[in-house]
**Q** 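First, the structure itself, so that you have it in front of you.
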2 protein chains.
Amino acid sequence: MLTAIRPTREKLLRAALTLVARSGFEAATTAAIAEAAGVAEGTLYRHFASKDDLLIEVYRNLKSEVLTAVEDGEDRAASPEARLKRWWLALFEAYRSDIEAFTFGQRFMESPLAQREGGAAKQRFIAPLAAIREEGVRAGVFCDLPQDLMASLFIAPISYLLKQETQGRRWSAAELEGAADGVVRSWRAG
Amino acid sequence: MLTAIRPTREKLLRAALTLVARSGFEAATTAAIAEAAGVAEGTLYRHFASKDDLLIEVYRNLKSEVLTAVEDGEDRAASPEARLKRWWLALFEAYRSDIEAFTFGQRFMESPLAQREGGAAKQRFIAPLAAIREEGVRAGVFCDLPQDLMASLFIAPISYLLKQETQGRRWSAAELEGAADGVVRSWRAG
DNA sequence: GTCTATATTTGGATAGAC
DNA sequence: GTCTATCCAAATATAGAC
């Protein structure tokens, strides 16, 4: 993410992301962001109207990146269960590949800025999942609970396992397989 | 929680909790906390050495309250699967009964203060869960994945579903039953 | 576009009267 | 124990030279 088309702007975005991920929102002052980006504090305001705008931009960028990475791996021919498992693993890997971005996202969502953002990105994540669920419910392999509940059973473990990776726990491929299988079972008709 | 043995102190603790839950960590300034508690700003420092100490105290109190509430409902005679489900529902209800405390906890854990707290409370949550898992693995009903992975599959949906309750989604008893059953299935041997 | 310097506000914390 | 008044540091944002 954050390609170098507009170098200073991208440096500021990545500096803010890194600061928040490593030291929390409190640490991401305009002075600290500018210093980490290697520019003067005043320069920040040539690229963003405010600090909040900068942080919201960071969040939108990273959501977009993760989504693009995940949408690639789809396989529409497979069974609902296989597709579910594959998508779970793909989403996990997408976040894991930029763990600082993941941590930023977690913190952003617990900040007051989250309300200003709106949550438009969320729907793009939900839609493909809803399609898999629908197909599985029709086939009788998935239980017929509300979509938002099923989505929570799917996404929550990703978030929790990644949080532990930020704290030093590294999940092996076999462990992730096991977790993905667990998530698939949690969706199964009783 | 926050009984009225030391009224001013408890008012400050609850004021801080409410402010963080409703408006985020940024909003919980010493001025705002004191005003919400109905005392002067200087008074805060008669009861706590610093603002951080106050917030850490809030967190420790709420963890302790939730744990006490949950430990009551244990039933050692039941099957591992039944105990797991019962404990999941009990933990959900314990947090739900003070949803502001839950939100505070989420935000606290994403703040730099989390590192200072240490996470001692976590072990008290894990231990009973580990016992249930052990028994189920021996009986061959649960799959044999690492304890921390199993714990994540268990706790993560609680956190996610509660977060949605803070945003207005109210889960019915039937939906929670369904979610709990899903969690139990996620633990089952493949 | 970027820098230096600075205006302005707000935050955490303390002093001292009551 | 509580309040009023205040100090000091830090944070956001702007002005103006280069």
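In this text the structure is predicted, and so the values were computed from the model without any measurement. Within every chain, numbering begins at 1; the chains are lettered A, B, ... in the order of the sequence lines, protein sequences first and strands thereafter. Just so you know, these numbers use all the heavy atoms, side chains as well, and skip hydrogens, waters and symmetry mates.
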**Q** A:Leu12 CG to D:dA13 C1': how many Å, rounded?
**A**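 Spelled out: CG on A:Leu12 to C1' on D:dA13 is 15 Å.
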**Q** Which parts of nucleotides 2-18 of chain C does protein reach within less than 4.0 Å, heavy atoms only, written one letter per nucleotide 5' to 3' as B for base, S for sugar-phosphate only and - for none?
**A** BBB------SBBB----
**Q** Should the pair A:Lys63 and A:Phe125 be classed as cation-pi, given the thresholds of under 6.0 Å to the six-membered ring centre and 45° from the axis?
**A**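 Yes, A:Lys63 sits over the ring of A:Phe125.
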**Q** Mind checking what makes salt bridge (charged side-chain N to carboxylate O under 4.0 Å, His left out) contact with A:Glu81, not counting sequence neighbours?
**A**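 In terms of salt bridge (charged side-chain N to carboxylate O under 4.0 Å, His left out), with neighbours along the sequence ignored, A:Glu81 is linked to A:Arg188.
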**Q** How long is the line joining CG of A:Leu55 and C1' of D:dA13, in whole Å?
**A**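 After rounding, the reported distance stands at 15 Å.
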**Q** Do the non-hydrogen side-chain atoms of B:Glu35 and B:Glu41 ever get within less than 4.5 Å of each other?
**A**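 Not touching, per the 4.5 Å side-chain cut-off.
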**Q** In whole angstrom, give the distance that lies between atom CZ of A:Phe48 and atom C1' of C:dG1.
**A**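 Value for this atom pair: 14 Å.
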**Q** Tell me, with the steps shown, if B:Gln164 and A:Ser152 meet side-chain hydrogen bond (donor to acceptor under 3.5 Å, both in side chains).
**A** CA-CA 9 Å; B:Gln164 285 170 82; A:Ser152 294; 2.5 Å; yes
**Q** Can you run down the ring-ring contact (aromatic ring centres under 6.0 Å, His included) pairs that involve residues 156-190 of chain B, sequence neighbours left out, and say none if there aren't any?
**A**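 Non-adjacent pairs meeting ring-ring contact (aromatic ring centres under 6.0 Å, His included): B:Phe142-B:Trp187.
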